[in-house]
Amino acid sequence: MANQSESEQYAFNAFANLPFYGSINSEFIELANVYDKKSIVDLGCGTGNITKLILKKLQVAKDSVIYAVDSSKSALITAAQEVENNPIVKFIHSEVQNLTEAVKETADAMIYCNSIHYVPDKEKLLSEIRNKLNKNGVLAFNSSFYDGSHPDESLDFYKKWMFRSFRLLKKDFDLKPNKSAKVSSREQLSPDDYQNLLEKTGFKVEHIKAKSYQVPIDGFHYISEFKDWIEGVLPGVPLETGKSTLQKALREIFDEMKLVTVPRNWLSVRAIKA
C-alpha cells in the first residue's frame, strides 16, 4: 500500500480489528499453510495482525525468521508492540514494490494479505516474489478488490450507494467524479487474470477460490477513508470531500435498505514456485 496518512492508518487499524476481518485473516493463514517454513515474508504487514497469526502457528519458531515489510513507519512501530518485540520478527520499512532491495535473503514463503490490488504492475511484483522464493517456495495472497468481489445479492446496495454518493457530491459540493482520473491500481483483475499472471511468472497455482463474508456498516465506513478506495469510486474528487460524501451516503442507504451487513467476496490464492 502507498504511504498512509495518520487518519488513514487509524481507519485501517480499526477495519483490521473488526471481528469479521479477524475471521478472514485466520482462514487465510490456514490456507497459506506455512507453519513448517523457516523464513517467511509478511508483505504489507500493517500493524501486525497477520504476523501475530503466523507466530502463533509456527512449528519451528526458534529456528525461524519473519520479515515484516510495510511502507508505514507508524504501522511498523505498532506491529513491533503487537508481537512484543519478538526477536524472530525483523521489521523492514519499504514499499512492497521495492522487494528486491528491501529483503536481501531468499525466503520459504511470502504472505500478502488484501493488498495486491494496490500494486499497478502486478506482473513485475510477482516476478520479483518468485526470484526471492527458495525452491518450492509458497506465495499466498488474498484480495477483496478484484473482478468478482461483489456477489449478485450485493449489487443493489452498491448501485444505490454510488448513485447516492454522486447525488450528494453534486448537491453538497457541486462536484462530480472525473473518470479520466481513475488510478491504475484500481483496475481489478479476475481470478482467471491472476491464474494466468501467476503461471506466466513461474508459479503453479494450488488453490484459487472466492468465499463470501458478511461486512458490517463499520467495515464500509472505514474502507471509505482509504485513499485508493476514494480515488477508485470518486476519481478526481478531493479526498476529504470524497470520504465524507461516501460515509454520509453509506449511512443513508444502510438505513433505507434496513441492512445489517452486506456480502463481499474475498479471493484467496496459494501458489508454489514452479
Side-chain angles (χ1 to χ4, degrees), residues 1 4 6-35 42-58 66 68 70 72 74-84 86 89 111-118 140-146 148-155 157-158 161 207 209-230 243 246-255 257-270:
M1 185 185 293
Q4 296 174 319
E6 285 189 19
S7 63
E8 189 177 22
Q9 186 66 51
Y10 170 81
F12 178 79
N13 295 348
F15 177 83
N17 288 321
L18 292 172
F20 92 96
Y21 196 61
S23 297
I24 292 170
N25 285 344
S26 294
E27 291 182 23
F28 171 58
I29 289 301
E30 288 293 335
L31 164 72
N33 189 24
V34 295
Y35 311 140
D42 181 6
L43 293 169
C45 69
T47 53
N49 286 11
I50 292 292
T51 314
K52 283 196 297 183
L53 288 172
I54 296 170
L55 273 172
K56 286 179 183 176
K57 296 284 188 175
L58 275 180
I66 300 172
D70 202 88
S72 167
S74 62
L76 291 174
I77 291 169
T78 301
Q81 295 167 345
E82 287 291 319
V83 302
E84 298 176 344
N86 190 308
V89 182
I111 307 295
Y112 199 15
C113 180
N114 205 29
S115 291
I116 195 168
H117 43 266
Y118 290 116
F141 67 85
N142 68 354
S143 174
S144 61
F145 295 96
Y146 71 97
S149 60
H150 299 159
D152 289 345
E153 60 269 33
S154 72
L155 295 180
F157 158 72
Y158 284 108
W161 184 19
H207 172 101
K209 190 174 181 181
K211 181 176 177 179
S212 183
Y213 295 88
Q214 294 295 327
V215 183
I217 190 172
D218 285 351
F220 293 106
H221 175 88
Y222 294 126
I223 287 171
S224 298
E225 297 186 23
F226 297 171
K227 177 176 179 286
D228 275 65
W229 173 248
I230 299 168
K243 166 188 156 182
L246 286 167
Q247 291 175 341
K248 181 178 179 181
L250 173 68
R251 291 191 299 270
E252 291 183 4
I253 297 303
F254 250 72
D255 184 55
M257 296 182 71
K258 296 180 170 56
L259 297 171
V260 177
T261 58
V262 172
R264 190 175 182 92
N265 294 333
W266 256 256
L267 181 70
S268 297
V269 179
R270 187 180 194 269

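The structure presented is a predicted model; accordingly, all values stated were derived computationally and were not measured.
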Please confirm whether the backbone N or O of Tyr146 pairs with a side-chain atom of Ser149, one donor and one acceptor, at under 3.5 Å? yes

Tyr118 vs Phe145 aromatic rings, parallel, tilted or perpendicular, using cut-offs 30° and 60°? tilted

Evaluate the side chain to side chain contact (heavy atoms under 4.5 Å, CB included) criterion for residues Lys243 and Ile230: first the C-alpha distance (whole Å), next the side-chain angles of each, then the deciding distance (0.1 Å), finally the verdict. CA-CA 7 Å; Lys243 166 188 156 182; Ile230 299 168; 3.9 Å; yes

Straight-line distance of Ile29 CD1 to Asp42 CG, nearest 0.5 Å: 7.5 Å

Side chains of Leu31 and His207: does their closest heavy-atom pair fall under 4.5 Å? yes

Between CG of Leu246 and CD1 of Ile253, what distance do you get to the nearest 0.5 Å? 12.0 Å

Output the distance between atom CH2 (Trp266) and atom SG (Cys113), rounded to the nearest 0.5 Å. 9.5 Å

Going by the side chain to side chain contact (heavy atoms under 4.5 Å, CB included) test, name the single residue among Asn142, Ile50, Leu267 that passes it with Asn114. Asn142

Determine the interplanar angle of the Phe226 and Phe15 rings, folded into 0 to 90°, and report it as parallel if under 30°, tilted if 30 to 60°, perpendicular if over 60°. perpendicular

Within a strict 4.5 Å, meaning less than it, do heavy atoms of the Ser224 and Trp229 side chains meet? yes

Value rounded to 0.5 Å, distance of CG in Leu18 from CD1 in Ile24: 10.0 Å

What's the shortest heavy-atom distance between Ser74 and Ser72, and which atoms? OG-OG, 3.1 Å

To the nearest 0.5 Å, atom CZ of Phe254 lies from atom NE2 of His221 at 12.0 Å

Is a donor on one side and an acceptor on the other found under 3.5 Å between the side chain of Asn265 and the backbone of Gly148? yes

Which heavy-atom pair separates Ile116 from Ser143 by the least distance, and what is that distance? CG2-CB, 4.3 Å

Flag, side chain of Arg270 to backbone of Ala140, donor-acceptor distance under 3.5 Å: no

Is the shortest side-chain heavy-atom distance between Tyr222 and Asn17 below 4.5 Å? no

Distance-only donor-acceptor pairs under 3.5 Å for side chains of residues 210-218, two or more places apart:
residue: Lys211; atom: NZ; partner: Glu27; partner atom: OE1; Å: 2.9
residue: Lys211; atom: NZ; partner: Glu27; partner atom: OE2; Å: 3.3
residue: Tyr213; atom: OH; partner: Glu27; partner atom: OE1; Å: 2.7
residue: Gln214; atom: OE1; partner: Thr261; partner atom: OG1; Å: 2.7

Phe28 and Phe141 aromatic centres sub-6.0 Å: no

Quick check: closest heavy atoms across Ala68 and Leu76, and the distance to 0.1 Å? O-CD2, 3.9 Å

Can you confirm whether Phe20 sits close enough to Arg264 that some side-chain heavy atom of one is under 4.5 Å from a side-chain heavy atom of the other? no

Crowding at CD, Glu153 (>12 non-hydrogen neighbours, <6.0 Å): yes

Without swapping roles, check the side chain of Asp70 against the backbone of Gly46 for a donor-acceptor pair under 3.5 Å. yes

For Lys248, enumerate each residue passing the salt bridge (Lys or Arg N to Asp or Glu O under 4.0 Å) test, keeping only those at least two apart in sequence or located in another chain. Asp172

If I take atom CD1 from residue Ile111 and atom CG from residue Leu43, how far apart are they, to the nearest 0.5 angstrom? 8.5 Å

Closer than 3.5 angstrom, by distance alone: can the side chain of Asp255 be matched with the main-chain N or O of Arg251 as a donor-acceptor pair? no

